[in-house]
Amino acid sequence: MPDRGCIAYGDCNTEGIAGFSGELWPDRVAHALGLPLVNCGHTMSTTRELRRYTRAFPPSDYRFAFIQYGLVDSWLTFRGAPYVLYYPDNPLRKFARKWVKTLKKRARRWHLQDRWGPVEQVPLGEYLSHLRAVITSAPATQFVLVGTAPNLDEPRNPRIQRYNRALAELAERLDNAVYADAYVAIWADRERTLMNDGTHLADEGHRILADAVLDVIRRRVAA
């Protein structure tokens, strides 16, 4: 069994955002387990970035690997929309993302979702394929698949829930994965668990999510 502690892969709610003064959920979990943590969270990232992170930071080197993606993966865009990776980053990719951002603004004006058809940023089948490849690459590592939190922009939530259900089903099929979810608890107290921007977890949200991860580890892993 790997003994180098924990690693967390995820998006903005794993990395944390500028100005956040609380304790992130991965840090809370690692502290409770008494293990060191490497945090590979990256804002705006998807399971496409996950595949590249795991080349640089292999999950096989760690006892626990936490994975939290779905917020950006489930984002609805127009079919055929270009995508530029956020990791690894370089000046050319930064320039390309600015161009893509401009294109997508115009796409909304031109109603390209209606004309070309809507599609998630990372379609569900691709999303699951990335996750399965990573999890099966490190059979001695215990993975915790962490459900995406709800969003105050409520039309996003049905897609988030769809990705979360698929994540839970994937965990059930793999021997070295469990699923942790705090969607209902976060939504029930959303005025305290989510920041005003509607997307990022507040300190109370990080606490609730960390408790959910620890609970599943103690019930399903340590038992």
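The number of heavy atoms from other shown groups lying within 6.0 Å of CE (Met44) does not exceed 12. Sparse packing is recorded around CG of Asp175, with 12 or fewer heavy atoms of other residues, nucleotides or ligands lying under 6.0 Å away.
Contact check for Leu103 versus Pro82: side-chain heavy atoms found under the 4.5 Å cut-off. The shortest distance between side-chain heavy atoms of Ser137 and Thr54 does not fall below 4.5 Å. By the 4.5 Å heavy-atom criterion applied to side chains, Val146 and Ile67 are not counted as neighbours.
For Asp73 (side chain) and Thr47 (main-chain N/O), a donor-acceptor pair under 3.5 Å exists by modelled atom type. Looking at Asn39, its side chain never comes within 3.5 Å of a backbone N or O of Pro26 through a donor-acceptor pair. Counting only distance, with no hydrogens or angles, the side chain of Thr141 and the backbone of Phe64 share no donor-acceptor pair below 3.5 Å. The backbone N or O of Pro36 sits nowhere less than 3.5 Å from a side-chain atom of Arg4 that would complete a donor-acceptor pair. In this structure, the side chain of Trp75 does not engage the main chain of Gly70 through any donor-acceptor pair within 3.5 Å.
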Verify side chain to side chain contact (heavy atoms under 4.5 Å, CB included) between Phe143 and Val178, making sure each step is shown before the conclusion.
-> CA-CA 6 Å; Phe143 287 84; Val178 293; over 6 Å; no

Let me see the working for Leu152 and Thr199 under side chain to side chain contact (heavy atoms under 4.5 Å, CB included), right down to the final yes or no.
-> CA-CA 7 Å; Leu152 293 182; Thr199 294; over 6 Å; no

Please walk me through it: do Glu126 and Ser129 pass side-chain hydrogen bond (donor to acceptor under 3.5 Å, both in side chains)?
-> CA-CA 5 Å; Glu126 181 188 347; Ser129 176; over 6 Å; no

Could you walk me through whether Cys12 and His200 pass side chain to side chain contact (heavy atoms under 4.5 Å, CB included), step by step?
-> CA-CA 7 Å; Cys12 54; His200 299 106; 3.4 Å; yes

Intermediate values then yes/no, side chain to side chain contact (heavy atoms under 4.5 Å, CB included), His206 and Asp27 | CA-CA 10 Å; His206 281 280; Asp27 293 308; over 6 Å; no

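For the side-chain contact (heavy atoms from CB on, under 4.5 Å) with Thr102, the lone residue among Lys98, Lys104, Arg106 that qualifies is Arg106. Evaluated for a salt bridge (Lys or Arg N to Asp or Glu O under 4.0 Å) with Glu120, the options Arg156, Arg162, Arg159 yield exactly one hit, Arg162.
A salt bridge does not link Arg52 to Asp89: none of the charged nitrogens lies less than 4.0 Å from a carboxylate oxygen. A salt bridge links Asp211 with Arg207; the closest basic N to acidic carboxylate O contact falls under 4.0 Å.
Cation-pi geometry between Arg48 and Tyr83 is met: the NZ or CZ atom falls under 6.0 Å from the ring centre, inside 45° of the normal. For the pair Arg93 and Tyr86, the NZ or CZ position fails the cation-pi test of under 6.0 Å to the six-membered ring centre and within 45 degrees of the ring normal. Judged by a 6.0 Å distance limit and a 45° cone about the ring axis, Arg190 is positioned over the six-membered ring of Trp187.
Thr193 contributes atom OG1, which lies 10.5 Å from atom CG of Leu209 (distance to the nearest 0.5 angstrom). Annotation: the span from Asn196 atom CG to Glu191 atom CD amounts to 10.0 Å, rounded to 0.5 Å. Atom CD of Gln121 sits about 11.5 Å away from atom CG of Leu71, to the nearest 0.5 Å. To the nearest 0.5 Å, atom OH of residue Tyr179 and atom CG of residue Leu170 are 11.5 Å apart. A distance of 11.5 Å separates OH of Tyr163 from CG of Leu167, quoted to the nearest 0.5 Å. Atom NE2 of His31 and atom CG of Leu37 lie 7.5 Å apart (nearest 0.5 Å).
The hydrophobic clustering, which links ILVMFWY residues whose side-chain heavy atoms are closer than 4.5 Å, places Val38 and Leu145 together. In this structure, Ile217 is a member of the same hydrophobic cluster as Trp25, with clusters built from ILVMFWY side-chain heavy atoms closer than 4.5 Å. There is a path of hydrophobic side-chain contacts, each under 4.5 Å, that joins Val29 to Ile186. There is no path of hydrophobic side-chain contacts, each under 4.5 Å, that joins Val122 to Val119. Put simply, Phe57 and Leu50 are part of the same group of oily side chains (I, L, V, M, F, W, Y) that touch within less than 4.5 Å, one to the next.
Checked against the 6.0 Å centroid threshold, His130 and Tyr69 do not count as a close aromatic pair. Aromatic rings from Tyr9 and Phe66 are positioned such that their centres are separated by 6.0 Å or more.
Counted by atom type alone, Asp11 and Ser45 present zero donor-acceptor pairs between their side chains at under 3.5 Å. Side-chain contact annotation: Gln68 with Thr14, donor-acceptor N/O pair under 3.5 Å present.
The shortest non-hydrogen separation linking Val144 to Ala180 is CG1-CB, 3.9 Å. Nearest heavy-atom pair across Cys6 and Leu33 is SG-CD1, 4.4 Å. Between Asp181 and Gly147 the shortest heavy-atom distance is OD1-CA, 4.3 Å. Between Pro139 and Asn176, the shortest heavy-atom distance links the atoms CA-ND2, 3.6 Å. The shortest heavy-atom contact between Gly22 and Asp203 is CA-OD1, 3.3 Å. Of all non-hydrogen atoms in Ala210 and Arg28, the two that sit nearest each other are CB-CB, 3.6 Å.
Aromatic ring pairs are classed by plane angle as parallel below 30°, tilted from 30° to 60° and perpendicular above 60°; the pair Tyr87 and Tyr53 is parallel.
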